[in-house]
Amino acid sequence: MTTLTVSLGARSYPIYIGTGLIADPDHYRPHIQGGQVMVVTNETVAPLYLEAACAALTGLRVSTLILPDGEVYKTQDALNRIYDALLAERFSRDCTLIALGGGVIGDMAGFAAASYQRGVAFIQIPTTLLAQVDSSVGGKTGINHPLGKNMIGAFHQPRAVIADTATLNTLSDRELSAGLAEVIKYGLIRDPDFFDWLDTHLMALRDRDPDTLAEAIRRSCENKAQVVAADELENGERALLNLGHTFGHAIETGTGYGNWLHGEAVGVGMCMAADLSARLGWLSAAALQSTRNLIGRAGLPIAPPPDLPAQRFLELMAVDKKVLDGRLRLVLLRAIGAAVVTDQFDPALLRATLGASGPVTDAAFGIVHELAKPVL
Ligand code: NAD
Ligand code: GLY
């Protein structure tokens with residue numbers, strides 16, 4: 001087992017990475033507050049891992065809540081079901097919530113923990129690759145709004161992250177690939193050696209070689225923990241973790257939550273960010289090609305959905321948490337391993353990036369001009 005630390009002073013916490021951790025009480029006990037525990041999971045994960053998690057919690061008052069599965073249920077209604085259960089069972093402020101599942105469950109249970117009685121303890125048990133390398137670490141929690149992805153939420157750090165890599169054995173190939181998008185992201189934004197390592201080890205990852213997967217998870221979490229420790233509330237460097245996400249969130253919202261997996265949309269979004277970076281003259285043609293190749297070899301799409309009109313794409317990109325003072329900011333690449341957040345891009349080049357996937361009308365393009373104009 002590997003243990004990493006997210007260093008946030010009094011709110012520092014461990015990330016445990018290894019096999020068989022779900023069933024081991026030692027990984028939970030030091031991080032559980034009070035005697036009341038609620039394990040929040042979904043109908044897919046529950047039959048696989050809920051029993052093992054509960055067995056590790058003997059001696060505590062344990063409740064379970066099984067939500068429907070899917071991004072389409074990352075909603076206020078599902079969140080209310082968590083509050084309803086907590087209130088109905090008289091959970092007090094010294095309780096602990098445990099999120100058992102992928103990023104959807106982690107984000108929702110985390111937001112419930114952030115807001116229930118103004119904040120209670122919670123533990124993340126991520127069971128997808130995406131959640132083990134990204135969403136369970138760093139304290140971003142929340143739900144979707146019909147008008148924008150992840151638009152309602154809070155920062156609330158977990159007490160511990162317990163990443164049991166054996167859970168990845170039951171994950172579908174499509175979900176594994178979706179998780180690889182966020183792994184590749186770390187190489188692209190800040191770790192060129194990791195990008196090269198991924199290039200070499202990609203097939204072993206897709207074949208689920210346990211040691212290779214554990215190494216990819218460790219290096220991803222190391223990168224994320226460093227970024228979060230330096231900029232917990234995303235006032236600067238943390239925004240780099242959103243490479244591809246402005247494009248990707250537009251795809252997820254525009255195609256209807258759940259039709260494109262988050263990781264698939266991020267994979268295409270990273271290709272689009274790389275494309276725009278190359279058009280700006282920042283990224284070499286060879287680096288653009290390497291980026292596309294690695295994402296494609298990970299089993300991810302590299303082109304946006306043809307049926308998402310550019311006008312809609314731009315409208316959705318405008319509803320992004322990186323829009324500040326009315327200016328659209330994007331994470332772009334100066335090189336593989338060197339990302340920047342910038343509003344200094346020629347909108348005509350963004351038009352070309354979007355146009356590469358379909359026609360862009362002048363009317364649609366006006367939205368980008370409006371967002372990119374200087375704020376007085
Ligand atoms: P998910 O939570 O929907 O899980 C994917 C699918 O795999 C679901 O059907 C789930 O039930 C199933 N599943 C989970 N574990 C399994 C297992 N071990 N075996 C078999 N099936 C399993 O999706 P995800 O990709 O884990 O997470 C995506 C979500 O995470 C998005 O909502 C995204 O916005 C969010 N996210 C949050 C952050 C953050 O920092 N908070 C970062 C990245 C992504
Ligand atoms: N997934 C982006 C972040 O945690 O900041």
Side-chain angles (χ1 to χ4, degrees), residues 6 22 40-50 52-53 66-75 78 99-111 114 124-144 148-158 161 163-183 185-186 189 208 220-221 223-225 227-228 230-246 248-249 252-253 257-258 260-267 321-322 331 341:
V6 182
I22 280 189
V40 181
T41 187
N42 74 24
E43 59 204 6
T44 302
V45 177
L48 297 169
Y49 304 113
L50 185 56
I66 301 174
L67 295 172
D69 182 9
E71 183 75 35
V72 75
Y73 296 108
K74 191 175 163 182
T75 58
L100 174 67
V104 169
I105 286 295
D107 281 12
M108 266 196 307
F111 188 39
Q124 290 268 21
I125 308 181
T127 60
T128 63
L129 179 60
L130 185 141
Q132 294 186 357
V133 299
D134 191 357
S135 63
S136 65
V137 176
K140 279 190 183 176
T141 70
I143 56 170
N144 297 328
K149 170 124 175 102
N150 291 339
M151 275 291 152
I152 316 295
F155 286 98
H156 188 59
Q157 300 293 342
V161 177
D164 186 337
T165 52
T167 60
L168 303 182
N169 293 330
T170 54
L171 206 58
S172 70
D173 287 342
R174 187 177 171 199
E175 294 290 355
L176 191 84
S177 289
L180 287 174
E182 302 280 16
V183 174
K185 175 183 79 178
Y186 297 111
I189 62 171
R208 302 174 196 232
S220 298
C221 287
N223 272 292
K224 180 134 191 195
V227 173
V228 169
D231 179 23
E232 182 185 8
L233 302 181
E234 198 168 309
N235 294 312
E237 183 187 353
R238 185 164 181 172
L240 300 180
L241 293 173
N242 295 319
L243 175 69
H245 283 59
T246 305
H249 285 170
E252 282 186 273
T253 311
Y257 295 131
W260 275 60
L261 300 182
H262 176 72
E264 292 170 342
V266 166
K321 291 190 290 308
K322 282 185 302 306
V331 184
V341 183

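Order of appearance sets the numbers: ligands from 1, and atoms from 1 within every ligand.
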Item to check | Steps toward side-chain hydrogen bond (donor to acceptor under 3.5 Å, both in side chains) verdict (His262, Glu252) | outcome: CA-CA 7 Å; His262 176 72; Glu252 282 186 273; 2.8 Å; yes
Checklist outcome for this item: In this structure, CD1 of Ile152 is separated from NZ of Lys74 (nearest 0.5 Å) by 11.5 Å
Write out each pair where an N or O from ligand 1 and one from the protein are under 3.5 Å apart, with the distance.
from: ligand 1; atom 1: 2 (O); to: Gly103; atom 2: N; distance (Å): 3.1
from: ligand 1; atom 1: 2 (O); to: Val104; atom 2: N; distance (Å): 3.0
from: ligand 1; atom 1: 9 (O); to: Asp69; atom 2: OD1; distance (Å): 3.1
from: ligand 1; atom 1: 9 (O); to: Asp69; atom 2: OD2; distance (Å): 2.7
from: ligand 1; atom 1: 11 (O); to: Asn42; atom 2: ND2; distance (Å): 2.9
from: ligand 1; atom 1: 11 (O); to: Asp69; atom 2: OD1; distance (Å): 3.1
from: ligand 1; atom 1: 11 (O); to: Asp69; atom 2: OD2; distance (Å): 2.9
from: ligand 1; atom 1: 15 (N); to: Thr127; atom 2: O; distance (Å): 3.3
from: ligand 1; atom 1: 15 (N); to: Thr127; atom 2: OG1; distance (Å): 2.7
from: ligand 1; atom 1: 18 (N); to: Thr127; atom 2: O; distance (Å): 2.9
from: ligand 1; atom 1: 18 (N); to: Thr167; atom 2: O; distance (Å): 2.9
from: ligand 1; atom 1: 18 (N); to: Thr170; atom 2: OG1; distance (Å): 3.3
from: ligand 1; atom 1: 19 (N); to: Thr170; atom 2: O; distance (Å): 3.4
from: ligand 1; atom 1: 19 (N); to: Thr170; atom 2: OG1; distance (Å): 2.7
from: ligand 1; atom 1: 26 (O); to: Gly103; atom 2: N; distance (Å): 2.8
from: ligand 1; atom 1: 26 (O); to: Thr128; atom 2: OG1; distance (Å): 2.6
from: ligand 1; atom 1: 27 (O); to: Gly103; atom 2: N; distance (Å): 3.2
from: ligand 1; atom 1: 32 (O); to: Glu71; atom 2: OE1; distance (Å): 2.7
from: ligand 1; atom 1: 32 (O); to: Glu71; atom 2: OE2; distance (Å): 3.1
from: ligand 1; atom 1: 32 (O); to: Lys74; atom 2: NZ; distance (Å): 2.7
from: ligand 1; atom 1: 32 (O); to: Lys149; atom 2: NZ; distance (Å): 3.2
from: ligand 1; atom 1: 34 (O); to: Lys74; atom 2: NZ; distance (Å): 3.1
from: ligand 1; atom 1: 34 (O); to: Lys149; atom 2: NZ; distance (Å): 2.7
from: ligand 1; atom 1: 34 (O); to: Asn150; atom 2: ND2; distance (Å): 3.2
from: ligand 1; atom 1: 41 (N); to: Asp107; atom 2: OD1; distance (Å): 2.9
from: ligand 1; atom 1: 41 (N); to: Lys140; atom 2: O; distance (Å): 2.9

Checklist outcome for this item: Separation between CG (Leu243) and CD1 (Ile189), nearest 0.5 Å, reads 7.0 Å
Item to check | Worked verdict on Asp164 versus Gln132 for side-chain hydrogen bond (donor to acceptor under 3.5 Å, both in side chains) | outcome: CA-CA 8 Å; Asp164 186 337; Gln132 294 186 357; over 6 Å; no
Next on the checklist: I'd like to know if the side chain of Thr44 pairs up with that of Asp69 as donor and acceptor (distance under 3.5 Å, no hydrogens or angles considered).
Outcome noted: yes
Checklist entry - Are there more than 12 heavy atoms of other residues, nucleotides or ligands under 6.0 Å from atom OH of Tyr49? => result yes
Next on the checklist: For ligand 2, give me the residues whose heavy-atom distance to it is below 4.0 Å, by chain and number please.
Outcome noted: Asp134, Lys140, Lys224, Glu234, Arg238, Leu241, Asn242
Checklist entry - Heavy atoms, side chains only, cut-off 4.5 Å: are Asn150 and Ile143 in contact? => result no
Item to check | Rounded distance [0.5 Å steps], OG1 in Thr167 versus CG in Leu48 | outcome: 9.5 Å
Checklist entry - With the threshold set at 4.0 Å, does a side-chain nitrogen-carboxylate oxygen contact exist between Lys140 and Asp134? => result no
